[in-house]
2 protein chains.
Amino acid sequence: MTKDLYPAERITRVREATAAAGLDALLLTPGPDLRYVTGYDAIQLERLTCLVVPPGEEPFLVVPRLELPAAQASPAGALGVELVPWDETDDPYALVAGRLGRPAQVGVADRMWAMMSLRFRAAMPNAEQLAAGTVMRELRMRKSAAEVEALREAGAAIDRVHAIVPGLLRAGRTENEVARDISEAIVAEGHHTVDFVIVASGPNAASPHHEVSDRALRAGDVVVVDVGGTMPSGYCSDCTRTYAIGEPPADFAVYYEVLRQAQEASCARVAPGVTPESVDAAAREPINEAGYGEWFFHRTGHGIGLETHEHPYIVSGNTEPLEPGMAFSVEPGIYPGAHGARIEDIVVCTAGGGERLNNVDRSLIVVDA
Amino acid sequence: MTKDLYPAERITRVREATAAAGLDALLLTPGPDLRYVTGYDAIQLERLTCLVVPPGEEPFLVVPRLELPAAQASPAGALGVELVPWDETDDPYALVAGRLGRPAQVGVADRMWAMMSLRFRAAMPNAEQLAAGTVMRELRMRKSAAEVEALREAGAAIDRVHAIVPGLLRAGRTENEVARDISEAIVAEGHHTVDFVIVASGPNAASPHHEVSDRALRAGDVVVVDVGGTMPSGYCSDCTRTYAIGEPPADFAVYYEVLRQAQEASCARVAPGVTPESVDAAAREPINEAGYGEWFFHRTGHGIGLETHEHPYIVSGNTEPLEPGMAFSVEPGIYPGAHGARIEDIVVCTAGGGERLNNVDRSLIVVDA
C-alpha cells in the first residue's frame, strides 16, 4: 500500500518538473509536499528538516541529528536519498546554501514556516524564492489509482461517522458534547487524526466555519455537521450533512430541497474537460434561480488529498479543465441567517464522469427531538 | 479565565513593541502569535486571515467573509478591532498593501505559510520582511500569572495521563496499541488536542523522536513515553517518563540513575539571572562525568506556552538570563543504542527558583512483564 501510494519514482518526476520550471532547487520542509515526494510524515518543528531537490544532482534530506533514526526508519530511508544530519549548534541553512552553490531561483514549500524561508533568504541572498506549489500542484492534483483508493477509504470512514450522527443529536445536548462523541468516532472509524469537527446548530448553522460552542440543541433546530480527519495513509476525509431536530422551519425545508438539487446538479456536471468554474456554476444557477443566491457566498469546493484544501479549487475564474484523477469537494450551502444548510461530498473525476466518494444519505435526516 | 489569559491591553503592548523594533507593521496569520494577541484560535487555511498591526494606527483583522461570524464570535470580536472581510474573488494581499501605504519593514508571523509571505512580498515589493518572532518572543516568553496557571493545569493533566501509563504497558502489546490508549487518555484528562505520543520501546527508545510502530513490547524492554497536548486554554503540556517491562538490563539501571540525578541538578539550577546554557550544563556535566556524554546529543530543553517548542531554548550558547515567568522543559536523555532513557518536566522560573509543573514519580517504574 505505502509503495503504491508513495512510489519511489515520484522523486524523479519532481526533479523533472523542477527542471522544467527553471528552478535550481526545491526546498521541501515537513508537510504534504515532503510526504508526497518521500512518504516521510516528518514532524514540523523549529529545527530544520528539509528535502533539497536540485534537478541536476542527487536530492538530499537535511535532518536534525536526533531525527536521524526516525528519518532512516521512514519511507524516505528506503528511497536511497542521502541523509545529512546536523547538530544542535550547527546552522542547517548555511549547510544547504553551501551545498547548492549560487542558485538563482529556489522553490520553497507552500507551507514552509516564514521563519525558515527568511533564514534561507539570509543564507542565499541572491536566490529568488518562488512558491514550490506551482511545481507540486501539477503533480499532486492528478491522483494515481492508489491515491483515489486512499481517498475512497477515507470517504467510507467518514460516511460511517455520519451514519452514527443521528444517534448523537437530541435536544438538550450541547454542540461541544456532540463534537466530543464525533471526534471519538472519527478515530474509531479508522482515522489517524481528527482535523475538524463543525457542529453548527440553530443560528450557528448560518456561519459556514462555526466550529462548536456550549449552545444546547433545541427542538426545531437544524444542525450542520461538517467533519473530517486524516487517515494513516495521509489522505483526508471531509463530508457535510445537515440534520433537523424534530420538525424544521417550513422555509428551511423549501431551500434545503433547492440545495439538494443544486449539489446533485454540480456533481453531475463533473467530467474530463469541464472547467471547475462550470461545476461551480452548476451549483450556483439553481440556487440563484430560486432566489437564494445572496445566501450562497462561498466557492463550491476545494481539491483534497494529502491536504484537506488543495488544488483544484471549484470557484468562479478557475478555467483549467478537469482531468481524470482530480478529486475535490462539491459543497454548496445556503445560509439565510436564522439557520443554514450545506451538503458536501468528495467527488473524483473519472473518464466516465464524477464518482462520489461519500454516499451516506443526502436527504434531510430528521431525528426525534 | 479567557480575559486573564488574553487581556485586551496586550494589543497595546504589541503595538509598542512593534514601534520599538522600527517595524511599520506586524502581519499575524492564524497560529500562536495571533492567538496570543487576540485570543482568536483561527483555522489556518489557504484563505488569508491576518491581523495587521501598524504601530501608529488602529490594528485591523482581515478575514474571509465566510469566517466573519466566527471571528466576530471569537475573543477578537470583543477587542474592538476592525474586521475587514474579503470575498472569494478579492485579493486580500492587495487589500492589506493598499491600507498600509508603502511600508519599509514588516514583521511576518514566524509560522506564516511561505505561500502567504511570498504573496505579501509580491503585493509590497519594497517592504523588507523580518520574522515577527523577534518582537513576539520578548512578550510571549515572559508568562503572566494566568499563563503560568494555565501551564500548571496542563502539567497536572498530563501527569494524570502518566499515572495510568503503567497499567497500559505489558509484554505483547504493540507501541501503536499503547499509543491509542494514551491518546484517548490525553483527551479524557482535559486536553483539547493530542499533539504527540511517543512510545519508544527496546531499541526504539534510543531514537529521541521515534513516534510509534507495530513493535510489540517484550519483557526486559525499557519504554520512553513522551506525550503532550493542547488544553482548551491554548497552552501545551509535555512530559516524559521512562518505564521498564520487568527487570531492565543491568547497564540501563546504572545510567538511568545518572540521568535522574542530572535532571534533578538541572531543575535545581533554575533561578532568575541564571543563563539557559548554565541549566543545560547542569544536566550535561554529571552525564559527561559518568562517561555517557556522547549519548546525550540534544539540547536540554525548550520553552513552552502556546507552542510546545518556543523561546527560551535551554541550549549551549543561550546566555540570555532567565526571568520569573519563563517556562521550559528540562529533559536530558541518554541513548546508548540498544535502549535509551529520558526524563522531562516543565519548569517555570519563579523569584525563588524553579517550580516543576510535572510531579509524577521520576524514579524508574518497573511494571510486571
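Chain A is the first sequence line, chain B the second, and so forth, proteins listed ahead of strands; every chain is numbered from 1. Values below: all heavy atoms of this structure, side chains included; hydrogens, waters and symmetry mates excluded.
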> Would you call B:Arg299 and A:Glu46 a salt bridge, using N to O less than 4.0 angstrom?
Replying inline: yes
> Side chains of B:Ile43 and A:Phe196: does their closest heavy-atom pair fall under 4.5 Å?
Replying inline: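 Sidechains of A:Phe196 and B:Ile43: no contact.
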>> Side chains of B:Arg47 and A:His209, heavy atoms from C-beta outward: is any pair under 4.5 Å?
In response: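 Yes - at least one pair of side-chain heavy atoms lies under 4.5 Å apart.
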> Can you tell me how far the CE atom of B:Met112 sits from the OG atom of A:Ser117, to the nearest 0.5 Å?
Replying inline: 9.5 Å
Which atom pair, heavy atoms only, marks the closest approach of [X] to [Y]?
| X | Y | result |
| --- | --- | --- |
| B:Phe297 | A:Glu88 | O-CG, 4.0 Å |
| A:Ser316 | B:Thr89 | O-CG2, 4.4 Å |
| A:Arg121 | B:Leu118 | NH2-CD2, 4.4 Å |

Looking only at heavy atoms and a cut-off of under 4.5 Å, which of [options] has the most pairs with chain A?
| options | value |
| --- | --- |
| B:Ala131, B:Pro208, B:Ser213 | B:Pro208 |
| B:Ala132, B:Ser207, B:Ala70 | B:Ser207 |
| B:His210, B:Arg119, B:Glu67 | B:Glu67 |

>> Looking only at heavy atoms and a cut-off of under 4.5 Å, which of A:Thr29, A:Asn204, A:Leu66 has the most pairs with chain B?
In response: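 Heavy-atom pairs under 4.5 Å are most numerous for A:Leu66.
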> chain B: which of A:Met115, A:Glu184, A:Gln44 shares the most heavy-atom pairs with it under 4.5 Å?
Replying inline: A:Met115
>> Is it the case that atom NE2 in A:His192 sees more than 12 heavy atoms from other parts of the structure closer than 6.0 Å?
In response: no
> In terms of heavy-atom proximity below 4.5 Å to chain A, should B:Ala122 be classed as side chain, backbone, both, or neither?
Replying inline: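 No part of it gets close to chain A.
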Quick one: what part of [X] sits under 4.5 Å from any heavy atom of chain B, side chain, backbone, both or neither?
| X | result |
| --- | --- |
| A:Leu45 | side chain |
| A:Glu211 | side chain |
| A:Tyr313 | side chain |

